[in-house]
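First comes the structure, then the notes that go with it.
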Amino acid sequence: MKHLLTTEGVDRATLTSLLDDADEFYEVMHRPIPKVPALRGKTVATMFFEPSTRTKLSFERAAKALSADTLSFSPGTSSLKKGESLKDTVLTVKAMGADLMVVRHTSTGAAWRVAEWTDLPVVNGGDGAHQHPTQALLDSLTLRQHFGSLDGLRIALVGDIRHSRVARSDVFAFSTLGADVTLVAPPTLLPPNLTGWPVNASNSFDDVLTEVDAIYLLRVQAERGGASVFPSVAEYRERFGMTTARFNRLKPDTIVLHPGPMIRGIEIDGGVADDPRCKVLEQVTNGVAVRMAVLFQLLGGSKDA
Amino acid sequence: MRDFTLQNALVVTTDGTAEKSDVVVTDGVVAEIGQGLQVRGEAIDCAGTWIGPGFVDVHTHLREPGQEWKEDIATGSRAAAAGGYTAVVAMPNTDPAIDGGHLARYVADRGAEVGLVEVVPSGCISAGRAGAKLAHLDELWAAGVTLYTDDGDSVDDAGLLRRAMEYLAERDGVVAQHCIDAGLAAGGQMHEGDISSLLGMTGVPREAEETVIARDLSLVRLTGVRYHVQHLSTAGGVAMIAAAKKEGLRVTAEATPHHLFFDHSDVGDTNPVYKMMPPLREPSDVDALREGLRNGAIDVVATDHAPHADHEKDHPWEDSPFGVTGLEWAAAVVNTVVELGPARFFSVMSKNPAVIAGLADQGRLEVGAPANLVVFDPAASANTTRTLSRSGNSPYLGRELQGAVRHTVFRGRFTVRNGELAELVGAMG
């Protein structure tokens, strides 16, 4: 594997190998000194052309825990403001000695372009509404930790599927790992065409609620047009929000996941967000572990170092 | 001006007959067509080729005035000549837009100065292409403009469009429409379908084209204007045009080389050379366009040659502009993807577009006509190793296409000789 750009078409063995390594790095993270020298001398550049809190911090945390150096890029303070192109920006950072780039960009396919231009290993940290593969890995790790395996697991993804790169990444990873995925959303928030998606789809959260082992809530992506496609937030919450009432109807062992940032009061009620069956903070911790695994594998680190 | 005799070609004349003949050109005019003619001037063997009227493109973006870093009238004329064209209709979405007489005259005059093809200005329907009030249709008409379009945008306001249609119906001008509803296409990046859904990109549904055509046909019925659909991309649109023709409406339509050649699966790796509007659609649409070209529902191939500088296309998909070049390879693409036969081939490439654009000296190969000709080798491989457009990016570069322009003759002079631009090899006749 030279790059990690997508989960679509990535086979089970590859996903499992990354999750297995992530389990080991999860253990490293919980040592008294949570750091290994595996990528000493390597430089990871985090090129985030779109605002991000958790993903950027998580990649940098992962790189440092592997003893790699980091170069951190943020668009607000960069030469992009002066009109520099994405291509010139990434070539500039490559020239400074980056060994791998993590790329987040509003445009679909941006990470593929960067891989072409730089010939460096590239991790897609999110391209438009297309893919965000490390999110799918950390979600898969969270589910695997909780249930032991994703085989036969029934998972509902609820909310703004149409504008969600998390959904596009999760459905392929979950399905390849053996889970049975149902998308739940109003027609305006489902993709216009589901040919090629290994999923079922429903317009009714209440029909699916008690049938599943895990519920994955998605944020309504106002910045990608998600808020303009339903008449009111109140109606959305009423039909697709994880309210306390809905939470109380779940099977007792059903868990709730969310990629963050959560908007309390819309897709999730505060009480649910704070319940131990809501795994949001475990997801965040696992994010560091899977990103360690990805950086480790792409940069050819040695576990013996 | 030198005389010459083109020998042993399949010659397609204005009336559509295709016979093995020679063509004698003297003083820039077709003097004789026939077998075994006495050679006048240089004898040029054209065995294996088709000779017909030079190609005419009713949809070219030359980008001048205002965006000369993308293309200008000189570079666009070179690309056109290389593609076998002897006339191109320049789209008016320049900066400033061609919405007044002096601007149209500038384009025509600059084209004449370059002298490689007949550069025919089209005019805007609305002032500044802003969609609010009529352009100076009076001045444009006086400057010789036949074809009117706000290309790049549909005319959204049906009231405004009706007034333009009424005005141009009186003069027998042509309303050419970029049929894409702005609301349905809002934010659209590619064809709406399974691939856009997987890529997470906002799609442009087929209905964005079909709803505009449906509305416009109502207004054509009302006004009787000559109406031309630009860059038709959907099977539904082809069916609507076929029905409108059956009904007797004065409607014509064009298909572009890229919509005849590629489909939305080519967008899969998000290389922006495949980004244009309307977008590449599904194989079923491509089939309908090819069939429409065969059966007459579609009248012409028009390039929608829309060059952008490399630095503008060297971005991720959403940050790149819409537009693809096409002048140099349009004939090869048509020859590669659809079996038309020589007569129909020259109808859609030369004769029909000349009629739509009202060009008396184009689209004709007959004794006494100005020598605007192309010598096209349908069996040779197209040269896709270089482009003469200022835009260095094209989805056709490096691709295997069958059919090559061997010679282009514009007003009796070779603009292209043996596949090379004559002005570059110093062989202008």
Side-chain angles (χ1 to χ4, degrees), chain A residues 5-9 49-50 80 83-91 103-117 124 126-132 160-169 171-172 183 190-199 201 221 224-226 228-229, chain B residues 69 182-208 210 234 263-275 279-285 308-322 392-393 395 397-398:
Chain A
L5 300 172
T6 179
T7 58
E8 190 184 345
F49 298 89
E50 187 184 75
L80 281 187
E84 188 175 54
S85 72
L86 174 63
K87 182 178 183 177
D88 286 329
T89 304
V90 297
L91 290 177
V103 179
R104 169 170 289 190
H105 198 279
T106 52
S107 188
T108 308
W112 279 257
R113 292 283 86 76
V114 172
E116 259 171 42
W117 292 329
N124 184 1
D127 63 318
H130 180 211
Q131 280 282 331
H132 187 5
D160 188 358
I161 313 288
R162 182 179 288 210
H163 302 97
S164 175
R165 56 190 171 215
V166 174
R168 284 181 179 77
S169 305
V171 294
F172 289 102
L183 306 179
L190 281 174
N193 187 317
L194 287 172
T195 307
W197 293 55
V199 297
Q221 305 223 16
R224 290 185 222 285
S228 60
V229 297
Chain B
W69 68 89
L184 284 170
Q189 293 289 322
M190 62 175 296
H191 171 66
E192 179 178 301
D194 55 338
I195 294 175
S196 70
S197 295
L198 281 171
L199 288 171
M201 286 205 265
T202 304
V204 178
R206 294 183 176 100
E207 288 74 10
E210 294 164 3
T234 63
D263 66 58
H264 70 152
S265 65
D266 291 298
V267 178
D269 79 345
T270 71
N271 182 340
V273 297
Y274 297 102
K275 183 177 179 183
L280 299 174
R281 298 206 183 268
E282 299 189 19
S284 57
D285 298 294
H308 293 288
D310 288 349
H311 73 263
E312 295 171 304
K313 279 286 199 180
D314 213 0
H315 289 285
W317 185 274
E318 276 110 319
D319 296 337
S320 296
F322 294 97
N393 55 86
L397 286 170

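Naming convention: chains lettered A, B, ... in sequence-line order (proteins, then strands); numbering from 1 in each chain.
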Quick one, B:D319 with A:H105, criterion side-chain contact (heavy atoms from CB on, under 4.5 Å). Give me CA distance, side-chain angles, the key distance, then yes/no.
CA-CA 10 Å; B:D319 296 337; A:H105 198 279; 2.9 Å; yes

Taking the side chain as everything from C-beta on, heavy atoms only, tell me whether [X] gets closer than 4.5 Å to [Y].
X	Y	result
A:N193	B:E192	no
A:D127	B:W317	no
B:H311	A:S85	no
A:H130	B:T270	no

Relative to chain A, which of B:S197, B:G193, B:G200 shows the most heavy atom pairs under 4.5 Å?
B:S197

Of the non-hydrogen atoms in A:R113 and B:H315, which two are nearest, and what is the gap between them?
CD-O, 3.9 Å

Locate the shortest heavy-atom distance separating B:L199 from A:T108; write the atom from each residue and the value.
O-CG2, 3.4 Å

Bottom line for A:E8: the part with an atom under 4.5 Å from chain B's heavy atoms is side chain

Options A:P191, A:P192, A:G109, A:A110, ranked by heavy-atom pairs under 4.5 Å with chain B, top entry:
A:P192

Hey, what do you get for CZ (A:R162) to OG1 (B:T202), rounding to the nearest 0.5 Å?
8.0 Å

